[in-house]
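Hydrogens, waters and symmetry mates are skipped; everything else that's a heavy atom, side chains included, is used. Counting begins at 1 with the first residue of the sequence.
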Amino acid sequence: GTIVLWNMKDRTPVRRFKAHAGKVGSLVFIPGRAEFVSSGDDGAVRLWMVARSLVTNLKEAGPGVTAMTVSSNGSVLYAASDDGAVRGWNVSLRSVRGTIRFEDRQINSIAISPDGDLMALAEEDESVLVWKIHESKVAWVNKLDNSALQVKFSPDGKSLFTSGGDNWIREWEASSGRFIRKFAGAGV
């Protein structure tokens, strides 16, 4: 339940935060701010300042958080929970902006396109889902050969990369879901 910040130059610990009851599951640094967000096995989501301690509890203990990400401009934090909900927080206002419910889905990873228009979800049911944030609808869904573990957008947002339990990395056209190619991962 402890977070340790390290000095990257000399590899020494700088600060320690007692963050959660149980394991810390995810950490996300907020771009352009001296802040980061943590989630833990206790289901809480907490916002911290690097130079001092806790700023606020964004989400109290409850359903476990399975994945977190932040928009490229640092304005919105997204967290997926065991209950199939993805919550978005306005980071500056420290308030919930909205919730999207994906019933009966275990979300392993979440990513936001650089322009903030698309949300990609890697789901335990072997699918990758891309959601149009501003239109509140599914853009596309594709199945993998095994569980979907990670999703990441390319820096230009044109491609989405996925990894799965079958040890393959796949590249998809982000806007349409058209399969482009796959790369061998570890153990293939």
Visitor: Where do L58 and L77 land on the side chain to side chain contact (heavy atoms under 4.5 Å, CB included) test, with the steps shown first?
Guide: CA-CA 10 Å; L58 296 175; L77 169 77; 3.7 Å; yes
Visitor: Any heavy-atom pair between the side chains of S38 and W48 that's under 4.5 Å?
Guide: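 Contact flag for W48/S38 side chains = yes.
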Visitor: So, does W6 use its side chain to make a donor-acceptor pair with the main chain of R15 at under 3.5 Å?
Guide: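 Checking the backbone N and O of R15 against the side chain of W6, no donor-acceptor pair under 3.5 Å is found.
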Visitor: Can you check whether E123 reaches V128 side chain to side chain, under 4.5 Å on heavy atoms?
Guide: no
Visitor: For the hydrophobic clusters of this structure (ILVMFWY residues joined by side-chain heavy atoms under 4.5 Å, transitively), does one cluster hold both M68 and V91?
Guide: yes
Visitor: In Å, rounded to the nearest 0.5 Å, how long is the span from OG of S109 to CG of L121?
Guide: 8.5 Å
Visitor: Between S72 and P114, which heavy-atom pair has the shortest distance, and what is it?
Guide: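 Heavy-atom minimum between the residues: OG-O, 2.8 Å.
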Visitor: So do the side chains of I112 and F153 get within less than 4.5 Å of each other, counting heavy atoms only?
Guide: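 Sidechains of F153 and I112: no contact.
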Visitor: What residues, two or more places apart in sequence or in another chain, satisfy side-chain contact (heavy atoms from CB on, under 4.5 Å) together with R101?
Guide: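 Only D83, A85, R87, T99, E103 meet the side-chain contact (heavy atoms from CB on, under 4.5 Å) criterion with R101.
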Visitor: Quick one, V65 and V45 - any side-chain contact, counting heavy atoms below 4.5 Å?
Guide: yes
Visitor: Can you hop from F179 to L149 via hydrophobic side chains spaced under 4.5 Å?
Guide: no
Visitor: Which atom pairs, one a donor and one an acceptor, fall under 3.5 Å between side chains of residues 130-137 and the rest of the protein, sequence neighbours left out?
Guide:
residue	atom	partner	partner atom	Å
H134	NE2	D117	OD1	3.2
E135	OE1	K137	NZ	3.4

Visitor: Test F36 against I3 for side chain to side chain contact (heavy atoms under 4.5 Å, CB included), laying out the working first.
Guide: CA-CA 11 Å; F36 65 94; I3 297 169; 3.8 Å; yes
Visitor: Take S92 and R33 through the test side-chain hydrogen bond (donor to acceptor under 3.5 Å, both in side chains) and record every step on the way to the result.
Guide: CA-CA 10 Å; S92 294; R33 303 172 76 116; 3.1 Å; yes
Visitor: Taking all atoms of both residues into account, what is the closest heavy-atom pair of P31 and G74, and its distance?
Guide: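 For P31 and G74, the tightest heavy-atom pair comes out as CD-CA, 3.7 Å.
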Visitor: Any chain of hydrophobic side-chain contacts (each under 4.5 Å) joining I100 to I110?
Guide: yes
Visitor: What's the spacing between E173 CD and I180 CD1 if we round to 0.5 Å?
Guide: 6.0 Å
Visitor: Count the heavy atoms of every other residue, nucleotide or ligand shown that sit under 6.0 Å from CZ of R97, and state whether that count exceeds 12.
Guide: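 No - once you tally the heavy atoms of other residues, nucleotides and ligands closer than 6.0 Å, there are 12 at most.
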Visitor: Would you say NZ of K143 has more than 12 non-hydrogen atoms from neighbouring residues, nucleotides or ligands within 6.0 angstrom?
Guide: yes
Visitor: Give the minimum heavy-atom separation between L93 and N90, together with the two atoms involved.
Guide: N-OD1, 2.9 Å
Visitor: Search all heavy atoms of A79 against all heavy atoms of W89 and return the closest pair with its distance.
Guide: CB-CZ3, 3.6 Å
Visitor: Is the shortest side-chain N to carboxylate O distance from R178 to E171 below 4.0 Å?
Guide: no
Visitor: For A67 versus N108, what's the shortest heavy-atom pair and its separation?
Guide: CB-O, 3.8 Å
Visitor: Go through F183 and F161 one step at a time and tell me if the side chain to side chain contact (heavy atoms under 4.5 Å, CB included) criterion holds.
Guide: CA-CA 10 Å; F183 308 88; F161 293 89; 4.2 Å; yes
Visitor: Should V24 and F29 be regarded as members of a common hydrophobic cluster, given that ILVMFWY residues are connected when their side-chain heavy atoms come within less than 4.5 Å of each other, either directly or indirectly?
Guide: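 Shared cluster, yes.
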Visitor: Using a cut-off of 6.0 Å, state whether more than 12 heavy atoms not belonging to K182 lie near its atom NZ.
Guide: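 Yes - once you tally the heavy atoms of other residues, nucleotides and ligands closer than 6.0 Å, there are more than 12.
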Visitor: Are L129 and L160 linked, directly or through intermediate hydrophobic residues, by side-chain heavy-atom contacts shorter than 4.5 Å (ILVMFWY only)?
Guide: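 Different clusters: L160 never reaches L129 through Ile, Leu, Val, Met, Phe, Trp or Tyr contacts under 4.5 Å.
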Visitor: Checking L144 against T162 for the side chain to side chain contact (heavy atoms under 4.5 Å, CB included) test, could you report, in this order, the C-alpha distance in whole Å, the side-chain angles of both residues, the deciding distance, and whether it holds?
Guide: CA-CA 9 Å; L144 301 182; T162 63; 4.1 Å; yes
Visitor: Any donor-acceptor pair under 3.5 Å linking the side chain of T66 with the backbone of I107?
Guide: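 Looks like yes, one N/O pair under 3.5 Å.
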Visitor: Closest approach of F17 and V50, non-hydrogen atoms and distance?
Guide: CZ-O, 3.8 Å
Visitor: Without swapping roles, check the side chain of D42 against the backbone of A21 for a donor-acceptor pair under 3.5 Å.
Guide: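 Judged by distance alone, yes, a pair lies under 3.5 Å.
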Visitor: Side chains of D82 and Q106, heavy atoms from C-beta outward: is any pair under 4.5 Å?
Guide: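 A side-chain contact under 4.5 Å exists here.
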